[in-house]
Structure formats: structure tokens, C-alpha cells
2 protein chains.
Amino acid sequence: MDVRTLCLGVLSLGERSGYEIRKTVEGALGHFFDAGFGSIYPALNRMAKDGDVTVTAIGQEKRPDKKVYRITQKGRLALAEALIQVPAKDRLRSEFLVVMLFSEILSAGQLGARLDENIRLHRQIAKGLEACKNDCVPWGAQRLTPGMRFVTGYGVAMHKAAADYIEENRHLLEAPAVLAGRNAAD
Amino acid sequence: MDVRTLCLGVLSLGERSGYEIRKTVEGALGHFFDAGFGSIYPALNRMAKDGDVTVTAIGQEKRPDKKVYRITQKGRLALAEALIQVPAKDRLRSEFLVVMLFSEILSAGQLGARLDENIRLHRQIAKGLEACKNDCVPWGAQRLTPGMRFVTGYGVAMHKAAADYIEENRHLLEAPAVLAGRNAAD
DNA sequence: AAACTATATATCTAGCCGATATATATGGAA
DNA sequence: TTCCATATATATCGGCTAGATATATAGTTT
């Protein structure tokens with residue numbers, strides 16, 4: 001599954017420009033499958049070439065022209081075909097955890113700061129997703145589907161679990177840091 | 001942060017071959033930062049060229065020769081420098097959630113199967129990590145550091161939270177599927 | 001004999017991330 | 001006035017990576 005499938009999925013919610021696709025990804029589903037312009041635009045070009053989407057250039061006032069993409073019937077079949085495949089395993093990449101793994105090289109102050117930042121970030125994301133739970137605007141859709149509710153709730157639950165774990169277990173890292181007298185200034 | 005930092009970190013636990021680094025990643029820390037041969041070997045070559053690691057070729061009986069890598073003092077400095085940077089945000093990629101987002105295209109049977117598989121997988125991983133909690137073998141180390149305990153515990157907590165959420169909320173997706181009469185055979 | 005598993009190294013290619021560039025427009029700070 | 005920031009837009013580049021593939025040595029199973 002690649003960004004093409006993601007774009008086809010977003011376009012199945014309604015036509016939009018590459019920029020708008022990015023906005024939808026960013027606002028509604030980037031917490032479990034992110035994609036930037038560097039991959040969205042090439043994907044859109046490939047799909048346009050393959051006939052999975054059509055593209056219409058539109059001039060705008062006070063704003064640059066935009067290209068609006070619409071999914072084709074061929075694209076809908078491609079989307080469905082991709083979605084019935086066995087999904088690959090979830091993959092997480094956490095630099096924070098790599099740093100925690102080797103946290104003995106941090107001073108107690110640096111360690112505390114990293115832990116605080118990460119907790120704050122998780123709680124912030126959880127809060128943002130919680131606010132989106134009953135809001136179809138980030139999806140650029142007219143209504144929320146069960147799928148949208150499910151994945152948003154998933155994000156809330158997971159980010160809360162992460163923040164909770166870090167809060168409850170930070171002592172595992174901080175106590176040894178203090179005992180070892182790692183007080184060097186940041 | 002890239003795979004070089006990860007390899008330096010693993011090598012800071014003790015010298016090992018590229019294959020052994022992969023085994024350590026796979027067995028102990030791949031749940032939060034994975035890396036395959038396609039990125040480990042090029043990274044090792046770059047670091048050997050840069051002087052961050054030394055490499056010693058060793059012949060073996062009944063097995064192919066191997067190259068053992070050892071972190072240098074320069075490599076230790078590079079590792080420390082990388083670890084005190086502000087880590088990038090965690091990034092998750094979940095094809096499962098993409099499928100759930102657009103799950104209306106699945107039959108009730110397919111949906112149930114995907115949910116079951118994912119729950120089983122999360123629980124399996126949580127169980128595997130739980131078994132590793134007090135085991136330094138997967139790390140190829142002599143003892144467990146606070147960091148190792150922390151990250152392993154994190155994995156357990158997160159995979160459990162994921163499985164729990166899916167179990168408790170699957171009805172959000174399955175009830176509409178049944179109501180809509182999506183009973184097509186898989 | 002072929003397939004599978006384990007231990008090993010190595011590489012290829014399609015895809016992606018993050019940065020960068022450009023364009024149109026507005027507003028605020030130096 | 002210039003720079004910076006923000007928003008709306010499209011586009012691309014280069015370094016990195018995932019997954020597949022290849023090769024080698026050896027043993028076990030079908």
C-alpha cells in the first residue's frame with residue numbers, strides 16, 4: 001500500500017487538489033499514515049497517467065491556479081483492490097524511544113525535558129483528535145463514516161496510552177540519572 | 001536521526017556483524033525503530049568510511065565469513081551528538097487503519113477477519129515483548145539498562161492498548177456492516 | 001532434488017521525507 | 001523597504017529506506 005491508495009481513498013470522499021489532499025491527510029489521518037507533497041504530487045501524476053484520476057486546471061482570483069483531481073471508475077476499482085489485500089504490519093518510528101534507550105548519555109535535566117516534551121506532545125495530539133471526533137470538516141466530507149470515527153478514536157486512545165505510560169514509568173530513567181549525579185547543564 | 005545512529009547505538013552495546021545488528025534490531029527494538037539489511041549495510045559502509053566504526057573480517061567454520069564492526073571513539077561522539085538533538089515526532093504507518101477507514105468496501109466477513117488478525121498480532125507482539133522484559137539476550141548485552149526496560153515496557157503497553165481499543169470498538173464498524181447486509185463471501 | 005531454515009554479505013529499485021523553489025496575496029515587524 | 005510569517009497552490013531534488021533479490025556455506029525436511 002502506498003500513497004496512491006491513500007490519495008485514491010481521500011479522493012473517494014470528494015474531488016480535491018493536491019494541496020487539499022495534503023490538508024486532509026494532515027488534519028484527519030496523518031496520525032496513522034502521513035504523506036507530504038514530495039510523495040503526493042508524484043503519486044497524483046502517476047495516477048493521472050494511469051487513468052485512475054482525472055485532473056482539471058482551475059484559475060482562481062487572488063490565489064494561484066489549482067488542479068482539481070477526481071477519482072475515476074478505474075481508480076475506484078484500484079482502490080477497492082488495494083483495500084482487500086492483507087495489510088502490512090503497522091510500523092512505528094520513534095526517535096524519542098531511541099533516545100530513551102540510550103538515555104544514560106543525557107543529563108538529568110535533558111532527560112526530564114525530553115520526557116516532558118513528549119508527554120505534552122502526545123496529550124496535545126490526543127486533545128486535537130478528541131476535538132475532531134464529531135467533526136467532519138478535517139475530512140472534507142459531508143458526514144462522518146464509522147471508519148472515520150474508529151480511526152480518530154484509535155488515535156486518541158493510543159496517544160493517551162503513550163503519555164500515560166511515559167508519565168508512570170519515567171522514574172525508571174530519571175531515578176538512575178539523579179543517583180548517577182548526571183546534573184550537567186543542558 | 002537515521003539508521004547510522006541506530007547502528008552506532010547497537011554497537012555501543014558491543015561489537016557485532018551487520019547480520020547481528022539486524023538480529024538485535026529485529027529482536028529488541030524493531031517495534032519502535034526498524035531497519036533492514038537494505039539500510040544497515042550501506043550505513044555500516046558509510047560509517048566505516050567516516051571512521052565511526054572499524055571493521056574486521058573473520059573466517060568461520062561451516063559458515064560464511066563475517067565482518068565484525070566495532071564503534072570508535074569518533075563514533076561514540078557522533079552517537080552522543082545525535083542523541084542530544086531534539087528527536088523528530090514519532091511516526092506511525094498503519095495500513096490496517098487505512099483499511100478500517102474505508103472499511104465500507106469490505107464484506108462483514110472480511111472486516112471481521114482483518115479485525116481478528118490485527119488484535120491477535122498486537123497481543124502476540126505484546127506477549128513477546130513481555131517475555132523479553134527481563135531478558136538481555138535479545139539485546140546481545142550482558143545486562144539490561146533502564147532504557148531497555150523502559151522501551152520494552154512501552155511496547156507492551158502500546159500493543160495492549162491497541163488490541164484493547166480494537167476489541168472494544170470493533171462494533172462501530174461491524175454493526176453497520178451487518179445492517180447493510182455486507183455478507184459477500186471473502 | 002527441492003524446499004526450508006540459519007548464518008552471512010551485498011545490492012537494486014521504487015518510493016518517500018524533508019527541504020527547497022516558485023507563484024499570488026496579505027499582514028506585521030525590523 | 002525588506003524580511004518574515006501565514007495561507008493557498010504546484011513542483012522537484014537528493015539522500016535515505018523497505019522489500020525484494022542474489023549469492024554463499026551448511027544442515028534438515030519433504
Side-chain angles (χ1 to χ4, degrees), chain A residues 1-8 15-27 30 33-50 53 55-69 82 85-95 98 140, chain B residues 1-8 15-27 30 33-50 53 55-69 82 85-95 98 140:
Chain A
M1 188 183 286
D2 59 11
V3 172
R4 268 178 299 186
T5 304
L6 196 74
C7 288
L8 287 178
E15 66 179 42
R16 58 202 74 185
S17 66
Y19 183 84
E20 283 162 337
I21 291 173
R22 168 62 197 164
K23 282 302 172 183
T24 303
V25 169
E26 195 174 273
F33 203 112
D34 203 18
F37 292 121
S39 43
I40 290 177
Y41 283 114
L44 286 172
N45 288 335
R46 289 198 302 272
M47 292 186 294
K49 186 175 165 186
D50 290 348
V53 300
V55 50
T56 309
I58 297 186
Q60 295 186 104
E61 293 219 7
K62 298 187 171 185
R63 286 176 178 168
D65 295 357
K66 73 178 175 183
K67 292 181 169 178
V68 173
Y69 295 84
Q85 305 304 312
V86 176
K89 290 181 183 178
D90 292 3
R91 293 182 48 250
L92 169 68
R93 192 157 202 146
S94 174
E95 295 188 6
V98 174
Chain B
M1 188 182 286
D2 58 13
V3 172
R4 268 177 302 185
T5 303
L6 196 74
C7 289
L8 285 177
E15 67 178 44
R16 59 202 73 182
S17 67
Y19 183 84
E20 283 163 336
I21 292 173
R22 167 63 197 163
K23 283 300 173 183
T24 301
V25 169
E26 196 173 271
F33 203 113
D34 204 16
F37 291 121
S39 42
I40 291 178
Y41 283 114
L44 287 172
N45 288 335
R46 288 197 304 270
M47 292 187 293
K49 185 176 167 184
D50 291 347
V53 299
V55 50
T56 309
I58 296 184
Q60 294 185 107
E61 294 220 7
K62 298 189 173 185
R63 286 176 176 168
D65 296 357
K66 73 177 174 183
K67 292 182 171 178
V68 173
Y69 295 84
Q85 304 303 313
V86 176
K89 290 180 182 177
D90 293 3
R91 294 183 46 252
L92 170 68
R93 193 154 206 151
S94 173
E95 295 188 6
V98 175

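Any value given below was found using the heavy atoms of this structure, including those in side chains, with hydrogens, waters and symmetry copies removed. Protein chains get the first letters and strands the later ones, always in sequence-line order, with residue 1 at the start of each.
Of all heavy-atom pairs spanning B:Ile40 and B:Ala35, the tightest one is CD1-O, 3.7 Å. Here the closest non-hydrogen pair linking B:Arg93 and A:Asp34 is NH2-O, 4.0 Å. Nearest heavy atoms, B:Pro42 versus B:Phe37: CD-O, 3.7 Å. When all heavy atoms are compared, the tightest approach of A:Cys7 to A:Met47 is CB-CE, 3.6 Å.
Residue-to-nucleotide proximity on DNA chain C shows that, of B:Glu20 and A:Arg4, the 5′-proximal contact is made by B:Glu20. Heavy-atom distances to DNA chain C give each of B:Lys66 and A:Val3 a nearest nucleotide, and the one nearer the 5′ end belongs to B:Lys66. With DNA chain D read from its 5' end, the first of the two nearest nucleotides for A:Asn45 and A:Gln60 is the one closest to A:Gln60.
What separates CZ of A:Phe33 from P of C:dG15 is a distance of 13 Å, to the nearest Å. Between the CG atom of B:Leu44 and the P atom of C:dA8 there is a distance of 15 Å, rounded to whole Å. To the nearest angstrom, P of C:dT22 lies 18 Å from NZ of A:Lys67. Distance A:Glu95 CD to C:dC17 P: 14 Å, rounded to the nearest Å. One can place CG of A:Asp65 at 9 Å from P of D:dT10, the figure rounded to the nearest angstrom. When rounded to the nearest whole Å, the span between NZ of B:Lys89 and P of C:dG18 equals 10 Å. Residue B:Ile40 contributes atom CD1, which lies 10 Å from atom P of D:dT17 at whole-angstrom precision.
Relative to the side chain of B:Pro42, the nucleotides D:dT10, D:dC16, C:dT11 differ in distance, and C:dT11 lies closest. The nucleotide whose nearest atom lies closest to any side-chain atom of B:Arg91 is, among D:dA11, D:dT17, C:dG18, C:dG18. Ranking D:dA26, C:dT11, D:dC16 by closeness to the B:Arg46 side chain, first place goes to D:dC16. When the nucleotides D:dT17, D:dT8, D:dT10 are ranked by their closest atom to the side chain of B:Asp2, D:dT17 comes out on top. Side chain of A:Phe37, nearest nucleotide from D:dC16, D:dT17, D:dT12: D:dT12.
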When you compare the protein's N or O atoms with those of nucleotides 4-6 of chain C, which come within less than 3.5 Å of each other, and at what distance?
none

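One finds a side-chain N or O of B:Arg93 lying less than 4.0 angstrom from the OP1 or OP2 phosphate oxygen of C:dC17. Put simply, A:Tyr41 has no side-chain N or O that comes within less than 4.0 Å of OP1 or OP2 on D:dA11. Remark: A:Lys62 is not in phosphate contact with D:dT8, judged by side-chain N or O atoms under 4.0 Å from OP1 or OP2. Considering only side-chain N and O atoms, A:Ser39 lies under 4.0 angstrom from the phosphate OP1 or OP2 of C:dC17.
Residue A:Arg16 is classed as having no contact, given no heavy-atom separation below 4.0 Å to the nucleic acid. Note on A:Arg22: nothing from the nucleic acid sits closer than 4.0 angstrom, heavy atoms only. Here A:Gly18 lies in heavy-atom contact (under 4.0 Å) with sugar-phosphate atoms only. Note on B:Gly38: a base of the nucleic acid sits closer than 4.0 angstrom, heavy atoms only.
Counting only distance, with no hydrogens or angles, the side chain of B:Arg16 and the backbone of B:Gly140 share a donor-acceptor pair below 3.5 Å. B:Glu15 places no side-chain N or O within 3.5 Å of a backbone atom of B:Val68 that could act as its donor or acceptor partner.
For A:Lys66, the salt bridge (Lys or Arg N to Asp or Glu O under 4.0 Å) partners two or more places apart in sequence, or in a different chain, are A:Glu20.
Side-chain contact between B:Leu44 and B:Val55: absent, with no pair of heavy atoms (C-beta onward) separated by less than 4.5 Å.
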